[in-house]
Amino acid sequence: MSKPSLPQGTRDFSSDTVRKRNFIFSTIRNVFELYGFQPLETPAMENLDTLMGKYGEEGDRLIFKILNNGLNDPKNSSKATEGFHKALEGKSSPLLTERALKYDLTIPFARYVAMNHGQLTFPFKRYQIQPVWRADRPQKGRYREFTQCDADIVGSTSLLNEIDLANIYHSVFSKLGLHDYRLKINNRKILLALAEISGGAEFLTNITIAIDKLEKIGIEKVKEELSQRSLSNSQIERIVNYLNINGTNQEKLLKIRALFHNNMTAEEGIKELEYIVSRTTTVNIDIDLTLARGLNYYTGTIYEVKAPDTVQMGSIGGGGRYDNLTELFGVPNIAGVGISFGVDRIYDVMDELQLFPQNVNIGTKVLFFNMGEQESWFAYQTMNKLREKNIACELFHEASKIDKQFKYAERKNIPYVVIIGSNELDNNTCILKNLAKGQQEIIDIAVLSEKLV
RNA sequence: GUGGUUGUAGCUCAGUUGGUUAGAGCACCAGAUUGUGAUUCUGGGGGUCGUGGGUUCGAGCCCCAUCAUCCACCCCA
């Protein structure tokens, strides 16, 4: 047996990390609950055909597929061989694999709604916090197993939902202390209108992929890319005019209205943006007309959250409105809108900016020193009384040197130690020491629990 | 999927043009001293140099493969 190791792009989380992650999870969960969302969990794996074709060609390639069992059974051997040959041609085949690890939370949610729409109360607001898997090459801020926190509302076209979701973003990031996040908003209808006036609706994907890169590669490169995607110079000119729109949210809305004259599709999108932006003035939301987002099921509002500029990290959240997500599963006319938090990236950003509160890593509150046989047994009984009052404590396991016991407390980030030696035992007292302050006091054993609450 | 970086003790890293038994600091363990984490002193355990091949009289060092890592592209959270 060689040295044990982990699969590429996966991680163990040590207790420190788990505590910090839980701080993020509980913050998000509490806010979701505050806005009336209900929890949902779905399996780690889905049927492959539930997932395939929902994330584009690139997405399909990144889905972790699970090999069928029983391929070694002689009576399956011809099927297995056939399936294998298809795999060599780059096609996945149910003969070889018919299940896969989930790639995001939205599609499994859509599958759930399609299966249960008869029982659900609409509008249905659910939140979901679960790991997802992508067969991507790992790098900074990118893992093969990571956790998403999604909140979606289905069965409602009200823009109040969009306003709720913007407020959720603001509330969560404020509570996490991540004040410099940037929430961007755009509308797919505007992008669709842009495609219509500069080439045709079929260019939507090509155009969005190109303009999405504006911030990263600059206007000249975007022009190059657009011409490579077979757009004419006059078409590119229109797009450049669009991309040149700047200013405050209000100014952008004015300019874009002028640009599109009376284009019906654009006007719809503009009205929606206007509505949302005018009602979310407390959440520092920015209209970003270059925001496109890759997932092609979005049809209206789109959101993206960027990490503070001081850290090298792209998107830490995103979402949008979709008209007909469940139609893919045979249930039409259920509209929805949702957002997602990328916990792993939020963790990395918060860690880098040292935004975690000091006390997230406190587990045990008090360590009782072990000062000998009789002393420690008395300490043990005292400790149990504290536990009844919900104070987490532990007794050092043997009567070791003092400095060793101190080190243990320090490493476990235990804020208090209690020392009961022979003197204290005789007097019914104990020494309570606050390790952070380095201060200690001798107190009556009877008042110990009050001091620690 | 494409390109590059790195891999030596628990941690951070040395290790010369290839040359005896692979080192340091910190950490750890034991002991001396001490009713309060220090300092000091003495002793100790630990590494198949990521893994597998190859070249060589000889490989931590050179070559190939592989795994992992980090980074960039693509795409994305």
Side-chain angles (χ1 to χ4, degrees), chain A residues 1-11 14 24 28 55-63 90 102-106 129-150 169 181 205 208-210 212-213 216-217 221 225 291-296 303-307 312-320 338-349 367 369-372 375 396 399-411 414 417-426 429-442:
Chain A
M1 190 70 191
S2 54
K3 278 185 190 171
S5 63
L6 282 171
Q8 191 177 40
T10 66
R11 299 154 295 164
S14 56
I24 300 175
I28 293 173
Y55 309 106
E57 212 171 302
E58 181 76 10
D60 282 355
R61 209 166 52 77
L62 299 179
I63 293 171
K102 66 177 169 231
Y103 178 89
D104 72 355
L105 302 179
T106 308
I129 300 178
Q130 287 194 276
V132 299
W133 293 267
R134 295 184 190 178
D136 225 335
R137 184 83 69 95
Q139 65 182 69
K140 180 165 182 173
R142 175 181 301 186
Y143 307 98
R144 289 185 143 187
E145 178 184 64
F146 62 98
T147 304
Q148 291 193 326
C149 305
D150 280 26
Y169 267 139
Y181 78 95
T205 308
T208 55
I209 288 173
D212 204 21
K213 295 179 183 169
K216 201 166 186 177
I217 63 178
K221 294 268 180 189
E225 182 143 348
L291 177 62
R293 290 191 62 76
L295 291 170
N296 44 27
Y303 294 109
E304 183 150 304
V305 185
K306 295 270 188 194
Q312 200 73 24
M313 184 74 69
S315 170
I316 55 175
I339 53 168
S340 181
F341 289 84
V343 172
D344 304 78
R345 286 185 178 178
I346 292 171
Y347 177 96
D348 289 344
V349 169
L367 177 70
F369 275 16
N370 189 322
M371 307 299 286
E375 293 90 338
F396 198 78
S400 302
K401 287 184 186 173
I402 295 276
D403 68 326
K404 202 171 164 183
Q405 305 197 39
F406 269 118
K407 269 183 187 159
Y408 180 83
E410 193 174 63
R411 287 213 182 144
I414 299 173
V417 301
V418 167
I419 304 171
I420 302 172
S422 51
N423 294 343
E424 290 77 19
L425 196 58
D426 290 342
T429 59
C430 65
I431 298 171
L432 175 64
K433 182 163 185 171
N434 180 325
L435 290 185
K437 292 180 182 165
Q439 292 167 349
Q440 65 181 48
E441 53 183 334
I442 300 174

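Order of the sequence lines sets the chain letters (A, B, ...), proteins ahead of strands, with each chain counted from 1.
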- Task: May I ask you to check whether over 12 heavy atoms, not counting those of A:I209, lie within 6.0 Å of atom CD1?
- Result: yes
- Query: What distance, rounded to whole Å, do you find between the two P atoms, one in B:G35 and one in B:C28?
  - Reply: 23 Å
- Nucleotide B:C76, atom P - distance to CD of A:E57 in whole Å: 13 Å
- A:F341 over B:A77, stacked by centroid distance under 5.5 Å, angle under 30°: no
- Query: Would you say the base of B:C76 and the side-chain of A:R134 have a donor-acceptor pair closer than 3.5 Å?
  - Reply: no
- Got a salt bridge between A:E410 and A:K407, using NZ or NE/NH1/NH2 to carboxylate O under 4.0 Å? no
- Item | Any residue meeting side-chain contact (heavy atoms from CB on, under 4.5 Å) with A:K306, in chain and number order, not counting sequence neighbours | A:R182, A:K184, A:E304
- In whole Å, what is the span from the CE atom of A:M313 to the C1' atom of B:C76? 12 Å
- Item | Letter per nucleotide, 5' to 3', of nucleotides 35-40 of chain B [B base touched, S only sugar-phosphate touched, - untouched; heavy atoms, 4.0 Å] | BBBS--
- Message: Parallel, tilted or perpendicular, judged at 30° and 60°: which one describes the rings of A:Y103 and A:Y55?
- Response: tilted
- Message: If I pick the P atom on B:C64 and the same atom on B:U5, what distance separates them, to the nearest angstrom?
- Response: 12 Å
- Item | A:Q312 CD: over 12 foreign heavy atoms closer than 6.0 Å | no
- Could you tell me whether a side-chain N or O of A:Y408 sits under 3.5 Å from a main-chain N or O of A:L367, the two making a donor and an acceptor? no
- Taking the C1' atom of each, how far is B:A27 from B:G46, in whole Å? 12 Å
- First of A:L6 and A:K401 reached from the 5' end of RNA chain B, by closest nucleotide: A:K401
- Task: Find out whether the Lys NZ or Arg CZ of A:R134 is both under 6.0 angstrom from the six-membered ring centre of A:F146 and within 45° of the ring's axis.
- Result: no
- Write down the distance separating the C1' atoms in B:A14 and B:A9, rounded off to the nearest Å. 13 Å
- Query: So what does A:G372 hit on the nucleic acid, given a heavy-atom distance under 4.0 Å: a base, only sugar-phosphate, or nothing?
  - Reply: nothing
- Task: Using a 4.0 Å heavy-atom cut-off across all strands, classify A:Y143 as base, sugar-phosphate, or nothing.
- Result: base
- Phosphate-side-chain proximity, A:K213 and B:C75, N/O vs OP1/OP2 below 4.0 Å: yes
- P-based separation of B:C29 from B:A65 [nearest Å]: 44 Å
- Do any N or O atoms from the side chain of A:D344 and from the backbone of A:R142 form a donor-acceptor pair under 3.5 angstrom? no
- Residue-phosphate contact under 4.0 Å: A:R411 side-chain N/O, B:C28 OP1/OP2: yes
- Query: What integer number of Å spans the C1' atoms of B:G7 and B:G60?
  - Reply: 11 Å
- Query: Rounding to a whole Å, what distance do you find between A:D344:CG and B:A77:P?
  - Reply: 13 Å
- Query: Which is true for A:G314 with a 4.0 Å heavy-atom rule: it touches a base, it touches only sugar-phosphate, or it touches nothing?
  - Reply: nothing
- Message: Could you tell me how far apart A:E145 (CD) and B:A68 (P) are, to the nearest whole angstrom?
- Response: 15 Å
- Please determine if a side-chain N or O atom of A:Q139 lies less than 4.0 Å away from the OP1 or OP2 oxygen of B:C70. no
- Task: Give one of base, sugar-phosphate or nothing for A:S315, where a contact means two heavy atoms less than 4.0 Å apart.
- Result: sugar-phosphate
- Kindly indicate whether the side chain of A:R61 and the base of B:C74 share any N or O donor-acceptor pair separated by less than 3.5 Å? no
- Item | Between B:A68 (P) and A:R144 (CZ): distance, integer Å | 8 Å
- Using atom NZ of A:K140 as one end and atom P of B:A77 as the other, report the distance to the nearest whole Å. 18 Å
- Message: Restricting to non-hydrogen atoms, name the atom on A:Q405 and the atom on A:S400 that form the minimum distance, rounded to 0.1 Å.
- Response: NE2-O, 3.0 Å
- Item | Inter-nucleotide P distance (B:G31, B:G58), Å rounded | 47 Å
- Taking a pair to mean Watson-Crick or G-U wobble geometry with both distances below 3.5 Å, B:U6 pairs with B:A68
- Message: Measure CZ/A:F146 against P/B:C76 and give the value in whole Å, please.
- Response: 12 Å
- Task: Using the P atoms only, state how far B:C11 lies from B:G1, rounded to an integer number of Å.
- Result: 30 Å
- Message: How many whole angstroms separate atom CZ of A:R137 from atom C1' of B:C73?
- Response: 11 Å
